[in-house]
Enquirer: 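Take this structure, written in structure tokens, and hold onto it; I'll ask about it next.
Below, read A as the first sequence line, B as the second, and so on, with proteins coming before strands; counting in each chain starts at 1. The structure displayed is predicted, hence computed values, not measured ones.
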Amino acid sequence: DSGVTQTPKHLITATGQRVTLRCSPRSGDLSVYWYQQSLDQGLQFLIQYYNGEERAKGNILERFSAQQFPDLHSELNLSSLELGDSALYFCASSDPQGFFSGNTIYFGEGSWLTVV
Amino acid sequence: DAKTTQPPSMDCAEGRAANLPCNHSTISGNEYVYWYRQIHSQGPQYIIHGLKNNETNEMASLIITEDRKSSTLILPHATLRDTAVYYCIALISNFGNEKLTFGTGTRLTIIP
């Protein structure tokens, strides 16, 4: 158990709909990352938040957005869903001092999104 | 972050040492080498990291060449549960602002 919690674990929705994926980072971790993993693609970095502020952006579509709340949990919002958005979405978190203590970025178990 | 190159797949007999190579010829002096693995659609799992010295933990050993252009992850006694995709990543530490960029990794299959 990495300590990163993601909900829901599985989600099936129709095209055109909107969903929200939730992530609770490990206690004390300030950074939250979102990754997408499709069947035919590897792990793609989407976006990173650090203590409530956006820090880095990757290949995130305009239909997708994220935020990190004052309690440090994060939500990834996916709207106008298309079949191609079906994927496993991972959240990860890290400790600002982690790299020096040997701890590093920890991943949750992911949220499976199926768009039908 | 420096680009890393790994073989797409490898097999290893159960109980033997699995040696996974990684080339990172453009790595800069302050970039660490990190290894993660992903077991069938689970969340990626941290294995080990190092800067220039060899490292060992309860999961694996990391051997980094003296010129730092390549490294080898060693799983000393591979078990079937070690079947996974292994990712080698070069990364600059930035106080919690690190961003892991995953390549295609090496699919390691442990053969009974």
Enquirer: Report yes if some heavy atom in the side chain of A/F90 is under 4.5 Å from a heavy atom in the side chain of B/Q42; otherwise report no.
Expert: no
Enquirer: Show me the pairs that pass salt bridge (Lys or Arg N to Asp or Glu O under 4.0 Å) and involve residues 63-91 of chain B, at least two apart or across chains.
Expert: B/R37-B/D82
Enquirer: Hey, any chance A/V19 and A/V116 share a hydrophobic cluster, counting ILVMFWY side chains that come within less than 4.5 Å of each other, even indirectly?
Expert: no
Enquirer: Answer with side chain, backbone, both or neither: which region of B/E55 has an atom nearer than 4.5 Å to a non-hydrogen atom of chain A?
Expert: neither
Enquirer: Is the distance between the ring centroids of A/Y35 and B/F102 less than 6.0 Å?
Expert: yes
Enquirer: Looking at every non-hydrogen atom in both residues, tell me the closest pair between B/S41 and A/L88 and how far apart they are.
Expert: O-CD2, 3.2 Å
Enquirer: Please indicate whether A/L39 has more than 12 foreign heavy atoms, meaning atoms of other residues, nucleotides or ligands, lying under 6.0 Å from its CG.
Expert: no
Enquirer: Side chains of A/I105 and B/Y36: does their closest heavy-atom pair fall under 4.5 Å?
Expert: yes
Enquirer: Determine whether more than 12 heavy atoms belonging to other residues, nucleotides or ligands lie under 6.0 Å from atom CG of A/L61.
Expert: yes
Enquirer: Does A/R63 CZ have over 12 foreign heavy atoms under 6.0 Å away?
Expert: yes
